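Comments concern the structure below.
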Amino acid sequence: MMPMLAPALTIARYTLLEALRSRLPWLFVLAACGAAALAGFLQQLALTESGAVQAALLAATLRLASVFLLATFIITGMAREAADRGLELLLALPMPRAAYLLGKLLGYGTLAAVPAVLFGLLMALFAAPAQSALWALSLLGELWIVAAFSLLCAASLQQALPALAATGGFYVLARMLGSLQLLAHGPQAGDSMAQRAAAGAIDVLALLLPRLDDFTRTQWLLYATGDWQALAGVAAQTVIYVGLLASCALCDFYRRNI
């Protein structure tokens with residue numbers, strides 16, 4: 001384990017240096033400023049509960065911005081590394097392939113803490129500090145899952161555009177699963193064979209995919225309904241799916257002939 005940990009930490013360090021050189025932290029700051037300005041403008045259009053509208057719009061915009069920027073950086077960075085033959089050079093060194101993936105995952109996981117902390121501090125200006133802290137920790141778990149899936153797609157598909165499309169589809173579907181299940185099993189759902197099959201398919205997806213609709217819930221900020229029990233469920237999902245996605249990426253990485 002120790003021979004693998006040293007190169008993994010080195011790769012994680014250079015991954016963070018790459019993020020600094022590409023000005024990614026500044027993009028997170030610009031996203032925070034833009035989201036705050038947009039939420040402040042839309043607050044003026046709200047007739048009632050303008051503060052709640054501002055907090056809800058700000059939280060949704062920050063969450064989407066953090067996911068988009070992190071996934072784009074991971075996928076484009078790994079695609080550029082593969083195109084420049086940097087991956088082949090690294091794998092020619094006397095280290096296991098698992099060290100490379102572990103280092104990348106550690107670097108991206110550390111990088112995900114930047115928007116989680118920054119956006120959590122910003123939300124503390126609009127909601128209770130304790131609820132903002134829960135929201136930020138939940139956002140960190142959500143970003144870790146997105147980072148692990150982006151790493152899997154970048155390592156497997158080896159092209160930036162398909163990997164970005166797959167990551168976007170995964171994220172949207174995981175966020176909408178709760179609503180899709182409500183529609184599939186609601187009182188207005190039909191009883192035909194096709195509708196039952198669609199409902200069954202949605203239930204299967206709900207068992208396979210993470211329930212990202214349980215992460216970073218805006219109602220925690222608006223109504224102070226978040227608690228540590230909800231955060232425990234978020235943490236459990238994060239550990240399970242990050243481990244599963246990392247294992248899938250490792251299996252595919254060892255299978256490929258690089």
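What you see is a predicted model, and the numbers here were worked out from it, not measured in a lab.
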For [X], check salt bridge (charged side-chain N to carboxylate O under 4.0 Å, His left out) against everything at least two apart and list the hits.
X	result
Asp214	Arg217
Asp213	Arg211
Arg13	none

Supply the members, apart from [X], of the Ile/Leu/Val/Met/Phe/Trp/Tyr cluster built from side-chain contacts under 4.5 Å; use none for a lone residue.
X	answer
Leu208	Val204
Leu161	none
Leu121	Val117

Sidechain-backbone polar pair: [X] side chain, [Y] backbone, donor-acceptor under 3.5 Å:
X	Y	value
Tyr241	Leu209	yes
Thr15	Gly107	no
Arg21	Ala19	no

Reference residue Ile75; test side chain to side chain contact (heavy atoms under 4.5 Å, CB included); the match among Leu151, Leu164, Leu157: Leu164
Over all atoms of both residues, closest heavy-atom pair of [X] and [Y]:
X	Y	value
Ser150	Ile74	CB-CG2, 3.9 Å
Gly141	Thr238	CA-OG1, 3.6 Å
Ala112	Leu70	CB-CD2, 3.9 Å
Thr167	Ala71	CG2-CB, 4.0 Å
Trp144	Gly109	NE1-O, 2.9 Å
Thr61	Ala35	CG2-CB, 3.6 Å

Heavy-atom side-chain contact between Leu139 and Leu143 under 4.5 Å: yes
Validation row: Phe73, Leu27 side chains within 4.5 angstrom (heavy atoms):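 Contact flag for Phe73/Leu27 side chains = no.
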Side chain to side chain contact (heavy atoms under 4.5 Å, CB included) between Leu58 and Phe119, intermediate numbers included: CA-CA 9 Å; Leu58 182 60; Phe119 297 163; over 6 Å; no
Would you say [X] and [Y] are hydrophobically clustered, going by side-chain heavy atoms of ILVMFWY under 4.5 Å?
X	Y	value
Val29	Leu24	yes
Val146	Leu205	yes
Val242	Leu173	yes

Salt bridge (charged side-chain N to carboxylate O under 4.0 Å, His left out) pairs, two or more places apart, involving residues 135-145: Glu142-Arg175
Residue pairs passing the salt bridge (charged side-chain N to carboxylate O under 4.0 Å, His left out) test where at least one lies in residues 144-163, sequence neighbours excluded: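 Of all non-adjacent pairs touching residues 144-163, none passes salt bridge (charged side-chain N to carboxylate O under 4.0 Å, His left out).
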OG1 on Thr218 to OH on Tyr223, rounded to 0.5 Å: 10.0 Å
Spatial distance of atom CG (Leu140) from atom OG1 (Thr216) [nearest 0.5 Å]: 11.5 Å
Give the table of side-chain donor-acceptor pairs shorter than 3.5 Å for residues 124-136, with sequence neighbours excluded, one pair per line with atom names and distance.
residue : atom : partner : partner atom : Å
Gln131  : OE1  : Gly226  : N            : 3.0
Gln131  : NE2  : Gly226  : O            : 3.2
Ser132  : OG   : Met123  : O            : 3.3
Ser132  : OG   : Ala124  : N            : 3.4
Ser132  : OG   : Ala128  : O            : 3.0

Candidate pair Leu102 and Leu106, rule side chain to side chain contact (heavy atoms under 4.5 Å, CB included), full reasoning: CA-CA 6 Å; Leu102 179 60; Leu106 286 174; 4.2 Å; yes
side-chain hydrogen bond (donor to acceptor under 3.5 Å, both in side chains) involving Glu18 - partner list, sequence neighbours excluded: Arg80
Qualifying residues under ring pair (Phe, Tyr, Trp, His ring centres under 6.0 Å), relative to Phe149, sequence neighbours excluded: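 Expected list: Phe170.
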Table please: side-chain donor-acceptor pairs of residues 62-69 below 3.5 Å, with sequence neighbours left out.
residue : atom : partner : partner atom : Å
Arg63   : NE   : Tyr171  : OH           : 3.4
Ser66   : OG   : Leu62   : O            : 3.1
Ser66   : OG   : Arg63   : O            : 2.8

